[in-house]
Amino acid sequence: MQHRTDDMNAALQVLQERGFIQQCTDLDGLSRAMDQGPVTLYVGCDPTGSSLHIGHMVPFFALRHLHEAGHVVIALIGAGTARIGDPSGKTEARKMLSYEQIDRNGLSIASQLDRFIGFDGRTAFTANNKDWLASLNYIDFLRDIGIHFSVNRMLSFEAYKKRLETGLTFIEFNYQLLQSYDFLELYRRYGCRMQIGGDDQWGNIVAGMELIRRVEGVEVFGLTFPLVTMADGSKMGKTEKGALFLDPEMVSPYEFFQYWRNIPDQDLTRFLLMFTFLPVDQCRRLGEGKEGGINAGKERLAHEVTRLIHGLEEADKARAAARAVFGGEGMDRTAVPSRGIPAVDLTKGIPAVELFAMTDLCSSKGEARRLIGQGGAMVNDRRIDDLETLVDASWLREGELLLKAGKKRFFRVLPE
RNA sequence: GGGGAGAUUCCCGAGUGGUCAAAGGGGGCAGACUGUAAAUCUGUUGGCACAGCCUUCGUAGGUUCAAAUCCUACUCUCCCCA
C-alpha cells in the first residue's frame with residue numbers, strides 16, 4: 001500500500017514506516033480523525049489458549065505505538081467469542097473449550113498483555129465481551145443485529161472460502177455477528193471508533209464497521225496488519241515445540257531469545273521494525289549489518305524482543321548464556337535449559353544414550369541413538385561417536401555437563 | 001430423511017490378506033558447506049530389555065495359521081438429492 005506520508009497523521013506514519021499497515025478502511029479519514037485528538041481503538045483476542053504467542057502480538061505492538069502517541073487503547077478479551085470460535089481462515093473447526101477453561105485462559109492472557117502494554121484503567125484498559133455476549137437474548141439479537149447482515153454477502157468473504165469447501169457450521173457462521181456486535185458495544189460504552197487486527201480479521205472488522213454505520217449512523221475505522229511470514233515462506237513463530245509462546249513455562253526466555261537470534265537474514269530489518277521500538281533508522285542500520293554485522297543485528301533484535309516480553313534481567317541472562325555456549329568463555333550460562341541428575345548415577349557412569357534421552361534434546365532413546373549415530377551429540381565439546389559410551393564424573397567441567405545436539409541446541413546436566 | 005464417498009504413521013497421500021513399522025512428498029532432525037542465516041547435497045525420521053519384541057492404519061467386535069487390507073456394528077467427515 002503506497003500512500004503519501006507527508007500529510008499523514010504522525011502516529012499512522014510511524015505504523016506505515018514500520019510496515020504495520022496492510023489494509024485500512026479509510027486511511028485519509030482516519031488520519032484526519034487522529035489529527036483532531038485521541039481516538040479510542042481496540043484489538044480483540046480470544047482466549048483459546050493459556051498463553052499468547054508471538055503471532056498474536058503484532059496488533060499489540062501496533063497498539064502500544066498508538067497508545068504512546070496518545071490514543072486510548074482497549075484490549076478486548078474475547079471470553080464470549082471464544083465460546084463460539086472464529087472460522088476465519090481456518091481449515092477446521094476449533095474444538096470446544098469449557099467456559100471455565102476459557103475464563104482461566106482469559107485471566108492469564110490479560111496479565112501477559114498488562115505486562116506488555118501497562119494498563120492504567122483510563123488510557124489503556126481491558127474489556128471482556130463475555131459481559132455483553134453471555135446474556136444476549138437470541139430473538140432480540142436476531143431482530144436488532146441479525147437483520148443487518150446479508151448471508152449472500154457473508155458467504156462471499158475470503159475468510160470463509162476454505163470453510164465452504166470443508167464445512168462450516170452455523171455456530172461458527174455467527175462469529176462475525178458477535179465480533180461486529182463487540183465493536184458496536186465498545187462504541188456505545190467507550191466511544192471506540194477504530195478496530196485493528198491481523199489481516200485475517202478484515203472481513204470481521206468491516207462487518208462491524210458497517211453495523212455501526214447502519215445502527216448508529218457513525219463512521220468508524222478499521223486497520224489491519226500483515227500476517228507475518230518468514231523469508232522462507234513459513235509462518236513465523238513456529239518452534240520445535242509448537243508456537244513461540246510468551247509464557248516462560250512454555251518457552252524459556254533462552255529459547256525465546258534463540259528464536260530471534262536465528263531468523264533468516266532477509267527478515268531482520270522487518271522484524272526489528274515490527275517487534276522492537278528502536279528508532280526506524282537504527283533498525284535499518286542494524287538490519288543491513290552496518291552496526292557490527294548482520295549477526296550483531298540479530299543479537300540486538302533477540303535482546304530487544306526478549307526484554308519487551310520477559311524483562312531486562314531475563315534478556316541479559318539469555319544473551320549471556322547464548323554467548324557462553326557459542327564460544328565465549330566464562331559467561332553466565334544459567335539461562336540454558338537444565339536439569340539435575342543424582343550424583344551417584346554419575347559416579348557409576350551413565351550411558352550417553354540415556355543421558356541424552358533424559359533431556360529436552362531427545363524425546364526417546366531411539367532418537368538419542370540416532371543423534372549419536374549421526375555424529376550430532378557432544379558432551380562438553382567431546383563428540384560421542386560410540387553408542388556404548390559411558391559418561392561419568394570425569395567428564396564434568398565446571399561442575400556440569402554441557403550437552404549439545406547438532407550445531408545449536410544445548411542443555412545442561414547438573415549433578416545434585 | 002434418501003443415495004454415494006471416505007477416516008492410514010507429525011501433515012498430505014499410496015497401499016486392498018502374508019514380502020507392511022507401511023511407497024512418495026512435505027515438515028522435523030543430523031552430516032557436509034557456512035555466519036547460531038539462506039540455498040544446496042547426503043543421511044535419517046514409532047517405541048523398547050533392539051539380529052527379537054511391543055504399539056500404530058477412526059472405535060468395538062469377528063473370520064483367518066496370518067488383517068491397514070475381509071465381515072459386522074458404531075462414531076465422525078465430505079458430496080449429491082430432499
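Residue numbers start from 1 in every chain, and the chains themselves are labelled A, B, ... in the order their sequence lines are given, proteins ahead of strands. Side chains are part of it too, since the values below use all heavy atoms of this structure and drop only hydrogens, waters and symmetry mates.
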Exercise for review: Send over the distance from A:Phe356 CZ to B:A30 C1', rounded to a whole Å.
Suggested key: 13 Å

Pairs: protein N or O with nucleotides 22-26 of chain B N or O, under 3.5 Å:
none

Check your understanding: Can you tell me how far P in B:U9 sits from the matching atom in B:A22, rounded to whole Å?
Key -> 15 Å

**Study point:** B:U59 to B:A68 separation - C1' atoms, rounded to the nearest Å
**Key:** 15 Å

Point to revise | Nucleotide of B:G47, B:A38, B:G35 approaching A:Pro264 most closely (side-chain heavy atoms) | key: B:A38

Practice item. For B:U64 versus B:A82, give the span between their P atoms, rounded off to a whole number of Å. Key: 46 Å

Study note, to complete from the structure: Here RNA chain B, pairs taken as Watson-Crick or G-U under 3.5 Å and shown with ( ), [ ] when crossing and | when to another strand, reads (((((((..(((.....[.....)))((((((.......))))))(((...)))...(((((..]....)))))))))))).

Review point. Roughly how many Å is it from CG in A:Leu272 to P in B:A37, rounded to a whole number?
Key: 18 Å

Review point. What's the CD-P distance between A:Glu367 and B:A30, to the nearest Å?
Key: 9 Å

Review point. Using a cut-off of 4.0 Å between protein heavy atoms and nucleotide atoms, how would you tag nucleotides 40-45 of chain B 5' to 3' with B, S and -?
Key: ---BSS

Review point. When we call it a touch if two heavy atoms are under 4.0 Å apart, what does A:Ala377 touch: a base, just sugar-phosphate, or nothing?
Key: nothing

Point to revise | Stepwise side chain to side chain donor-acceptor pair (under 3.5 Å) test for A:Asn105 and A:Gln101 | key: CA-CA 6 Å; A:Asn105 291 343; A:Gln101 186 65 53; 3.2 Å; yes

Exercise for review: Determine the contact category for A:Leu268: base if any of its heavy atoms lies under 4.0 Å from a base atom, sugar-phosphate if only primed atoms, P, OP1 or OP2 are that close, otherwise nothing.
Suggested key: nothing

Exercise for review: State whether the number of non-hydrogen atoms from other residues, nucleotides or ligands found under 6.0 Å of A:Arg214 atom CZ is greater than 12.
Suggested key: no

Review point. Between B:G31, B:C48, B:G35, which nucleotide gets closest to the side-chain atoms of A:Ser364?
Key: B:C48

Practice item. For nucleotides B:A23 and B:C57, find the distance between their C1' atoms and express it as a whole number of Å. Key: 14 Å

Practice item. Could you check how far CD of A:Glu354 sits from C1' of B:A49, rounded to whole Å? Key: 11 Å

Exercise for review: Identify whether NZ of Lys or CZ of Arg in A:Arg83 sits under 6.0 Å from the centre of the six-membered ring of A:Tyr99 and within 45° of that ring's axis.
Suggested key: yes

Check your understanding: So do A:Leu246 and A:Phe256 actually touch side chain to side chain, heavy atoms under 4.5 Å?
Key -> yes

Review point. Which residue lies toward the 5' end of RNA chain B, A:Gly375 or A:Ile263, if each is placed at its nearest nucleotide?
Key: A:Gly375

Review point. What do you reckon, are the aromatic ring centroids of A:Phe141 and A:Tyr181 less than 6.0 Å apart?
Key: yes

Study note, to complete from the structure: Rounded to whole Å, the NZ-C1' distance (A:Lys407 to B:A37) equals 10 Å

Revision key, fill the gap. side-chain contact (heavy atoms from CB on, under 4.5 Å) with A:Pro253: of A:His310, A:Glu313, A:Gln258, only one passes, and it is A:His310

Exercise for review: Please determine, by modelled atom types, if A:Ser252 and A:Glu255 share a side-chain donor-acceptor pair under 3.5 angstrom.
Suggested key: yes

Review point. With a non-hydrogen cut-off below 4.0 angstrom, is A:Lys365 in contact with a base, only sugar-phosphate, or nothing?
Key: sugar-phosphate

Exercise for review: Calculate the interatomic distance between A:Phe410 atom CZ and B:A30 atom C1'; express it in whole Å.
Suggested key: 15 Å

Review point. Any side-chain heavy atom of A:Phe20 within less than 4.5 Å of one from A:Ile196?
Key: no

Review point. Does A:Arg409 place a side-chain N or O at less than 4.0 Å from the phosphate oxygens OP1/OP2 of B:A30?
Key: yes

**Study point:** Whole-Å C1' distance, B:U56 and B:U8
**Key:** 10 Å

Practice item. Mind checking A:Glu299 for me? I need base, sugar-phosphate or nothing, with any heavy atom below 4.0 Å counting as a touch. Key: nothing

Exercise for review: Look at the rings of A:His65 and A:Phe277 and say which category their plane angle falls in: under 30° parallel, 30 to 60° tilted, over 60° perpendicular.
Suggested key: tilted

Practice item. Taking all heavy atoms of A:Pro47 and all of A:Ile109, pick out the closest pair and write down the distance. Key: CA-CD1, 3.7 Å

Review point. Given the P atoms of B:G62 and B:U69, what is the spacing between them in whole Å?
Key: 15 Å

Practice item. Check for a donor-acceptor pair, side chain of A:Thr25 on one end and backbone N or O of A:Gly222 on the other, with a separation under 3.5 Å. Key: yes

Review point. Closer to the 5' end of RNA chain B via nearest nucleotide, is it A:Gly366 or A:Phe257?
Key: A:Phe257

Check your understanding: Considering only the P atoms, how many Å lie between B:A39 and B:G58, rounded to the nearest integer?
Key -> 35 Å

Check your understanding: Distance between the C1' atoms of B:C29 and B:G46, in whole angstroms?
Key -> 15 Å

Practice item. Using atom NZ of A:Lys408 as one end and atom P of B:G35 as the other, report the distance to the nearest whole Å. Key: 14 Å

Check your understanding: Can we say A:Glu304 and A:Arg307 salt-bridge, meaning some charged N sits less than 4.0 Å from an Asp/Glu carboxylate O?
Key -> yes

Review point. Is the backbone N or O of A:Phe411 less than 3.5 Å from a side-chain atom of A:Thr359, with the two atoms forming a donor-acceptor pair by type?
Key: no

Point to revise | Protein-nucleotide distance (A:Ile384, atom CD1; B:G31, atom C1'), rounded to Å | key: 17 Å

Exercise for review: Indicate the ring-plane relationship of A:Phe183 and A:Tyr42, choosing parallel, tilted or perpendicular according to the 30° and 60° boundaries.
Suggested key: perpendicular

